[in-house]
Amino acid sequence: MTSHATEMEDRVAIHALLIEYGAALDRRDFDGFAKLFGEDGAYQLSTGAATIGPKTGEMMREIFATGPNATAVPNFHLFFNELIWFETPDLARSTSACLFMTTPDQETRKLSVAVAATYDDELIRENGTWRFKRRTLKPLSNGPATVKP
Amino acid sequence: MTRFLRFLALALLAIGAIPAHAQRNEARDRADIHALLMAYGATLDSRDFDGFGKLFGEDGVYVGGGGREAKGAAAGEMMRQVFANNPNGVGEPNFHLFYNEVVTFDGPDRARATSMSLWMVPDQATKRPTPLLAGRYEDELVRKNGKWLFARRVVKSVTNRPPEAK
């Protein structure tokens with residue numbers, strides 16, 4: 001862990017990056033979402049191959065168009081448990097967690113947690129802007145319901 | 001003595017040459033603004049509506065979730081009425097849960113913030129804390145007499161809209 005002259009403003013900028021990840025998805029700005037990964041930032045789901053750079057936006061566009069996220073509107077990201085530490089002044093790591101809140105009952109619009117996940121991030125400063133070098137998403141799942149005897 | 005005065009003049013010039021935004025303590029300002037955003041919910045949760053109104057100073061504008069608007073101390077009175085009427089018939093205890101806070105500065109005494117909240121209320125059947133409302137806040141903040149206040153807070157509800165037409 002390092003301490004450097006711009007650490008506080010770097011923490012502010014990285015926090016804004018982590019929040020913008022969800023804000024871009026919540027407003028369906030998939031092009032803006034992809035820019036958070038630059039040209040070669042990797043978005044890694046817990047299984048499977050990583051998606052790189054601009055393709056991350058297209059992947060999320062498809063998920064929101066055809067996946068379960070499309071059916072329960074409004075929905076939004078709720079972030080918490082954020083930790084940031086620096087390996088060098090231009091390279092940082094972060095862990096955080098998220099609830100993806102949805103309103104599956106369209107009559108009551110009652111809020112419900114659709115997905116809980118943790119993020120494991122490598123972050124890099126490029127041309128003065130912090131972006132994701134690698135983001136690994138790990139969904140938290142309770143698994144299938146227990147069979148009652 | 002002349003040498004001292006010359007040194008003093010140079011020192012004052014140097015201080016004056018530092019931009020105002022560089023002289024301020026940003027970490028302290030961020031802590032104070034965070035406390036202001038938390039006080040918004042804490043005063044409502046404790047039903048301290050006079051304290052709530054003070055967060056808007058004399059002329060800060062509060063635009064509530066339904067679009068109703070109030071200025072300064074009247075913001076506290078507006079919320080006193082809202083809680084007295086209890087339109088949602090919610091039980092107690094209930095509380096605000098804040099998240100996704102981002103603060104940016106427009107100058108040494110002006111800032112903007114976006115953040116979100118859940119209003120947690122007990123489920124009538126199970127008594128478990130349950131999110132009833134979700135809101136997004138868009139704030140203009142100002143420092144007056146050394147204290148950060150809401151110059152304008154707009155609340156945008158993100159749930160519980162009427163169902164969309166099929």
Side-chain angles (χ1 to χ4, degrees), chain A residues 3-29 32 36 69-82 84 94 96-117 119 129-130, chain B residues 19 21-22 24-31 33-34 37 65 88-90 94 96-106 111-126 128-139 155-166:
Chain A
S3 179
H4 57 280
T6 60
E7 179 175 340
M8 192 192 76
E9 42 197 283
D10 290 338
R11 286 185 178 278
V12 169
I14 289 171
H15 172 72
L17 169 67
L18 303 184
I19 299 298
E20 179 58 17
Y21 168 93
L25 292 177
D26 294 347
R27 63 175 186 270
R28 310 298 188 256
D29 175 11
L36 306 179
N69 294 353
T71 60
V73 177
N75 49 48
F76 60 90
H77 290 74
L78 185 167
F79 296 109
F80 57 101
N81 292 4
E82 176 183 308
I84 298 167
S94 172
S96 58
C98 167
L99 298 179
F100 184 55
M101 306 293 294
T102 64
T103 48
D105 184 334
Q106 294 297 286
E107 289 300 317
T108 65
R109 302 276 183 172
K110 200 169 183 180
L111 283 160
S112 174
V113 179
V115 177
Y119 300 104
T129 302
W130 285 94
Chain B
H21 71 271
R24 68 189 171 86
N25 184 338
E26 184 176 328
R28 175 63 185 270
D29 289 341
R30 287 189 176 277
I33 288 171
H34 177 71
L37 304 187
N88 292 309
V90 300
N94 48 55
H96 287 76
L97 186 165
F98 295 108
Y99 54 95
N100 294 10
E101 174 184 315
V102 174
V103 178
T104 54
F105 290 91
D106 288 342
R112 293 177 184 274
T114 56
S115 59
M116 296 182 73
S117 84
L118 295 179
W119 193 38
M120 305 294 291
V121 306
D123 178 82
Q124 290 183 345
T126 66
R128 288 180 181 165
T130 308
L132 177 69
L133 300 173
R136 185 187 310 279
Y137 303 102
E138 294 177 0
D139 301 325
V155 185
K156 294 183 175 173
S157 178
V158 292
T159 60
N160 289 347
R161 299 176 307 188
E164 290 164 5
K166 290 177 183 172

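Residue numbers start from 1 in every chain, and the chains themselves are labelled A, B, ... in the order their sequence lines are given, proteins ahead of strands. None of the values given here were measured: they were computed from a predicted structure. Side chains are part of it too, since the values below use all heavy atoms of this structure and drop only hydrogens, waters and symmetry mates.
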(request) Measure distances from B/Thr130 to the heavy atoms of chain A and classify the residue's part below 4.5 Å as side chain, backbone, both or neither. (result) side chain
(message) Less than 4.5 Å to any heavy atom of chain B: does that hold for the side chain of A/Phe80, its backbone, both, or neither?
(response) neither
(message) To the closest 0.5 Å, what do you measure between CG (B/Asn100) and CG (A/Asp26)?
(response) 8.0 Å
(message) Checking B/Tyr99 now: which residues fulfil side chain to side chain donor-acceptor pair (under 3.5 Å) with it, not counting sequence neighbours?
(response) none
(message) Nearest 0.5 angstrom please: A/His15 NE2 to B/Arg30 CZ, how far?
(response) 8.5 Å
(request) Heavy atoms only: give me the nearest B/Val158-A/Phe76 pair and the separation to one decimal. (result) CG2-CE2, 3.9 Å
(message) Which residues pass the side chain to side chain donor-acceptor pair (under 3.5 Å) test with A/Tyr21, not counting sequence neighbours?
(response) A/Tyr43
(request) Could you look at A/Leu78 and say if it's the side chain, the backbone, both or neither that has a heavy atom under 4.5 Å from chain B? (result) both
(message) Under 4.5 Å from any heavy atom of chain B, what part of A/Val113 do you find: side chain, backbone, both or neither?
(response) neither
